[in-house]
Amino acid sequence: MDRLDRKQLMARATERTGLSDFGDLPFEEALDVLIHSLERDARLDEARRAETADMITGMLIKNLRLVDDRKTYFGIADEVIEAPIFILGLPRTGSTNLHGLMAQCEGIRAPRRWEMSLPCPPPQAATYETDERIAQVHAKEVLTASEELKTRHPITADRPEQCQGLNDYMFMNWALLAPYELTTYKEWLLTADHRPSYEAHKRTLQHLQFRHPGRWVLKYPKHSFTLDALIAVYPDAKIIWTHRDPTRIIPSAVSLIETFRKATPGYDRKILGREWATYEELGIRRGLDMRDNLFEPENVFDMQYTDVIKNPVGSIERAYAYFGMTLSDISKTRILAYLADNGKDKHGVHSYSAEEFGLSEDMLRTLFKDYIERFNVA
C-alpha cells in the first residue's frame with residue numbers, strides 16, 4: 001500500500017472476516033483525520049506504513065466482530081454498566097499499580113489485556129483464567145515487547161490494562177500520540193466530540209460483562225481530557241483521582257513515551273520532553289475544570305501516590321468507604337498476595353532525569369503550580 005486509505009483498509013478487514021457491518025457508531029471522520037495525520041506528520045517509511053496498515057486493519061476487524069457478536073448474542077445490549085469506577089489523573093501516579101490491586105477485590109471486574117485485544121466471542125467466567133486467547137495475546141504482544149518497555153510499564157496478557165483497548169476501534173485514541181508524531185490528529189482530538197467513543201467503550205464493557213459479570217474498575221490517565229463525554233455516557237460514574245509530584249512523574253512519562261516515539265525519523269528527545277509536558281499540563285487543567293463543573297464531590301475521591309505506597313490496603317479501604325462500599329477480608333488478603341508477587345522493580349529499575357528531556361524541576365514546578373498547590377503534592 002503506497003498510501004494509507006480508509007476504504008482500502010475497510011475492504012481488507014471485510015475480506016479477512018467475511019463481515020461487512022461496521023455498526024452505527026461513527027468512526028470514519030476520526031479514521032480519515034488519523035490517516036491524514038499519519039501521512040502528513042508521522043514521516044512513515046515503507047515498513048512502518050505496512051505495520052500501521054496492519055494495526056488499523058486489526059482495529060477494524062475488532063469492530064466488525066463486536067458488531068456481529070452483538071447481533072448473535074441478543075442479551076449483550078441489555079447489560080447494565082452500573083456505577084463504574086474510573087482511576088485517572090496524571091500518568092505515572094501509581095494508577096497502574098492501584099488498578100492491579102483493586103482488580104483483586106471481590107466482585108470487581110477489570111479488563112485484561114487479552115480480552116480487550118481479542119474480545120470475541122464474549123469471555124465466560126468458567127474459562128476466564130484458562131481461555132486460549134491468553135496464550136495468543138502472550139505470544140503476539142508480550143513476548144514481542146522490549147525489555148525496555150517492560151521495565152517502564154508491566155505487560156502481561158492477563159493483567160488489567162488501560163481503557164484504550166475498549167474503544168480503539170473508534171479511532172479517537174490518545175495512545176496513538178505515543179508511537180507517532182501526529183500534530184494534526186492531536187489538535188483534532190482536543191476539539192472533537194468523544195461521546196461516540198465512550199458509547200463504544202460502554203458497548204465493549206457490555207460485551208465483556210455478558211458472560212462474566214462484576215463491577216468495573218477502569219483506568220486511563222487520558223480520561224481527564226474527556227470527562228464531559230465520560231459522564232454523558234456514565235452518569236453514575238465514580239472517580240479515583242491519583243496524585244503525585246509532577247516534577248517526578250513528567251520525566252517518567254516522557255521516558256515511557258520515548259520507548260515508542262524514538263522510531264520516528266528525526267526524533268529529538270528534548271522536543272518530546274517539552275511537547276509532552278505542555279500536553280499533560282493542558283490535560284490536568286481541562287480535567288480539573290470539568291471535574292469542578294460536572295461532578296458532585298461525593299463521586300470523586302483523591303488518592304495520594306505516597307499513601308498507596310505506605311498503606312495500599314488502607315488507601316483502597318478509604319476509597320471504598322467514600323463510595324459507600326466495604327472492603328472484605330478476602331479482598332484484603334488477595335491485595336496482599338498480589339503485592340507480594342508484584343514488587344515495584346520486578347522488571348528492573350526505570351532510570352531517567354528531567355534534564356535529558358530538556359526539562360527542569362523549576363520549569364515543571366512553574367508549569368504545574370496550580371495543581372501542586374491545590375493537592376499539596378510537592
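- Taking the six-membered ring for Trp and the full ring otherwise, His223 and Tyr198 have centroids separated by under 6.0 Å.
- Ile335 and Ile240 end up in the same hydrophobic cluster when Ile, Leu, Val, Met, Phe, Trp and Tyr side chains are linked at under 4.5 Å.
- Side-chain contact, Ser252 with Arg92: a donor N or O sits under 3.5 Å from an acceptor N or O.
- A salt bridge does not link Glu356 to Lys270: none of the charged nitrogens lies less than 4.0 Å from a carboxylate oxygen.
- Ion pairing between Glu296 and Lys238 fails under the 4.0 Å rule for side-chain N and carboxylate O.
- Taken together through direct or relayed side-chain contacts under 4.5 Å among Ile, Leu, Val, Met, Phe, Trp and Tyr, Ile372 and Leu367 form part of one hydrophobic cluster.
- Residues Phe27 and Tyr169 keep their aromatic ring centres 6.0 Å or farther apart.
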**Study point:** Verdict with supporting geometry, Arg211 and Glu79, salt bridge (Lys or Arg N to Asp or Glu O under 4.0 Å)
**Key:** CA-CA 10 Å; Arg211 299 193 293 193; Glu79 287 293 315; over 6 Å; no
Exercise for review: Carefully, step by step, assess Ser224 and Arg286 under the rule side-chain contact (heavy atoms from CB on, under 4.5 Å).
Suggested key: CA-CA 7 Å; Ser224 62; Arg286 177 179 287 194; over 6 Å; no
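- Trp216 and Gln209 share a donor-acceptor pair across their side chains, judged by distance under 3.5 Å alone.
- At a threshold of 4.0 Å, the pair Asp168-Lys62 counts as salt-bridged, since one of the basic side-chain nitrogens sits closer than that to a carboxylate oxygen.
- Counting non-hydrogen atoms of other residues, nucleotides and ligands closer than 6.0 Å to CZ of Arg12 gives a total above 12.
- Results of the salt bridge (charged side-chain N to carboxylate O under 4.0 Å, His left out) test with Glu181 over Arg40, Arg48, Arg43 single out Arg43 as the only residue that passes.
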Review point. Between Glu317 and Lys332, is a salt bridge (Lys or Arg N to Asp or Glu O under 4.0 Å) present by the stated rule, with each step listed?
Key: CA-CA 9 Å; Glu317 193 168 27; Lys332 295 175 185 179; 3.0 Å; yes
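- For the side-chain contact (heavy atoms from CB on, under 4.5 Å) test with Phe171, the passing option among Asp32, Leu34, Leu189, Val33 is Leu34; the others fail.
- Rounded to the nearest 0.5 angstrom, Asp41 CG and Leu182 CG are separated by 6.5 Å.
- The structure places CE of Met170 at 15.5 Å from CD of Gln164, a figure rounded to the nearest 0.5 Å.
- Within the 4.5 Å cutoff, the side chain of Leu88 has no heavy atoms near those of the Lys219 side chain.
- For the pair Thr204/Asn167, no side-chain contact is recorded, criterion being any heavy-atom separation below 4.5 Å from C-beta on.
- Each of Leu327, Asp307, Val313 was evaluated against Arg318; a single residue qualifies, Asp307, per the side-chain contact (heavy atoms from CB on, under 4.5 Å) test.
- In summary, Glu275 and Arg269 do not engage in a salt bridge, as defined by a charged side-chain N under 4.0 Å from a carboxylate O.
- Note: the hydrophobic cluster containing Trp188 also contains Leu25 (ILVMFWY, side chain heavy atoms under 4.5 Å, direct or indirect links).
- Other residues, nucleotides and ligands contribute over 12 non-hydrogen atoms within 6.0 Å of the CD atom of Gln136.
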Point to revise | Stepwise salt bridge (Lys or Arg N to Asp or Glu O under 4.0 Å) check, Arg365 with Asp245 | key: CA-CA 9 Å; Arg365 290 203 183 284; Asp245 184 351; 3.4 Å; yes
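- Salt-bridge annotation for Arg112 and Asp158: absent, with no side-chain N of the basic residue lying under 4.0 Å from a carboxylate O of the acidic one.
- The heavy-atom pair separating Trp114 from Val137 by the smallest distance is CA-CG2, 3.7 Å.
- By the 30° and 60° cut-offs, the orientation of the rings of His243 relative to Trp241 is parallel.
- Inter-residue side-chain proximity for Trp174 and Leu190 is flagged as met; some heavy-atom pair is nearer than 4.5 Å.
- More than 12 heavy atoms of other residues, nucleotides or ligands shown are found within 6.0 angstrom of CD on Glu298.
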Exercise for review: For Asp21 and Asp68, run side-chain contact (heavy atoms from CB on, under 4.5 Å): C-alpha distance rounded to whole Å, both residues' side-chain angles, the deciding distance at 0.1 Å, then the answer.
Suggested key: CA-CA 7 Å; Asp21 185 357; Asp68 190 60; over 6 Å; no
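- The structure places NZ of Lys186 at 6.0 Å from OG1 of Thr183, a figure rounded to the nearest 0.5 Å.
- Between Tyr279 and Trp276, the angle of the ring planes goes over 60°, which puts this pair in the perpendicular group of the 30/60° scheme.
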Review point. Is there a salt bridge (Lys or Arg N to Asp or Glu O under 4.0 Å) between Arg291 and Asp302 once you walk through the steps?
Key: CA-CA 12 Å; Arg291 163 184 165 161; Asp302 292 298; 2.8 Å; yes
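- In the hydrophobic clustering of this structure, Leu294 groups with Leu288; members are Ile, Leu, Val, Met, Phe, Trp, Tyr whose side-chain heavy atoms approach within less than 4.5 Å, directly or through other members.
- Between Asp2 and Arg49, no side-chain nitrogen of the basic residue sits less than 4.0 Å from a carboxylate oxygen of the acidic one, so the salt-bridge criterion is not met.
- Nearest heavy atom pair, residue Ala157 against residue Ile134, reads CB-O, 3.5 Å.
- Atom NZ of Lys71 sits in a crowded spot, with more than 12 heavy atoms from other residues, nucleotides or ligands closer than 6.0 Å.
- In terms of heavy-atom proximity, Ala277 sits nearest to Phe368 at O-CZ, 3.8 Å.
- A 4.5 Å side-chain heavy-atom check between Val308 and Gln304 finds every atom pair outside the cut-off.
- Considering Arg133, His207, Arg109 as possible partners of Glu115, the one that fulfils the side-chain hydrogen bond (donor to acceptor under 3.5 Å, both in side chains) test is Arg109.
- Taking every heavy atom of both residues into account, Ala30 and Tyr185 meet most closely at O-CE1, 4.1 Å.
- Ion pairing between Arg215 and Glu82 fails under the 4.0 Å rule for side-chain N and carboxylate O.
- Here Arg374 pairs with Asp292 in a salt bridge; the nearest charged N to carboxylate O distance falls below 4.0 Å.
- Cluster membership for Ile76 and Val233, using ILVMFWY side-chain heavy atoms within less than 4.5 angstrom, is not shared.
- The salt bridge (charged side-chain N to carboxylate O under 4.0 Å, His left out) test with Arg203 is passed by exactly one of Asp24, Asp69, Asp78: Asp24.
- The existence of a salt bridge linking Arg195 and Glu199 is excluded, since no basic side-chain nitrogen approaches an acidic carboxylate oxygen closer than 4.0 Å.
- Taking the six-membered ring for Trp and the full ring otherwise, the centers of Phe225 and His194 sit at least 6.0 Å from each other.
- Two rings, from Tyr234 and Phe86, have their centers less than 6.0 Å apart.
- For the residue pair Phe295 and Leu230, the shortest heavy atom distance occurs at CZ-CD2, 4.4 Å.
- In this structure, Ile309 CD1 and Thr306 OG1 are separated by 8.5 Å, a value rounded to the nearest 0.5 Å.
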**Study point:** Step-by-step side-chain contact (heavy atoms from CB on, under 4.5 Å) determination, Ser117 to Glu141
**Key:** CA-CA 9 Å; Ser117 294; Glu141 300 182 21; 2.7 Å; yes
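- In summary, the side chains of Ser328 and Ser331 do present a donor paired with an acceptor at a separation below 3.5 Å, with no hydrogens or angles considered.
- Heavy atoms only, all atoms of each residue included: Pro160 and Ala110 are closest at CB-CB, 4.0 Å.
- Of the N and O atoms on the side chains of Tyr220 and Ser95, not one donor lies less than 3.5 Å from an acceptor on the other residue.
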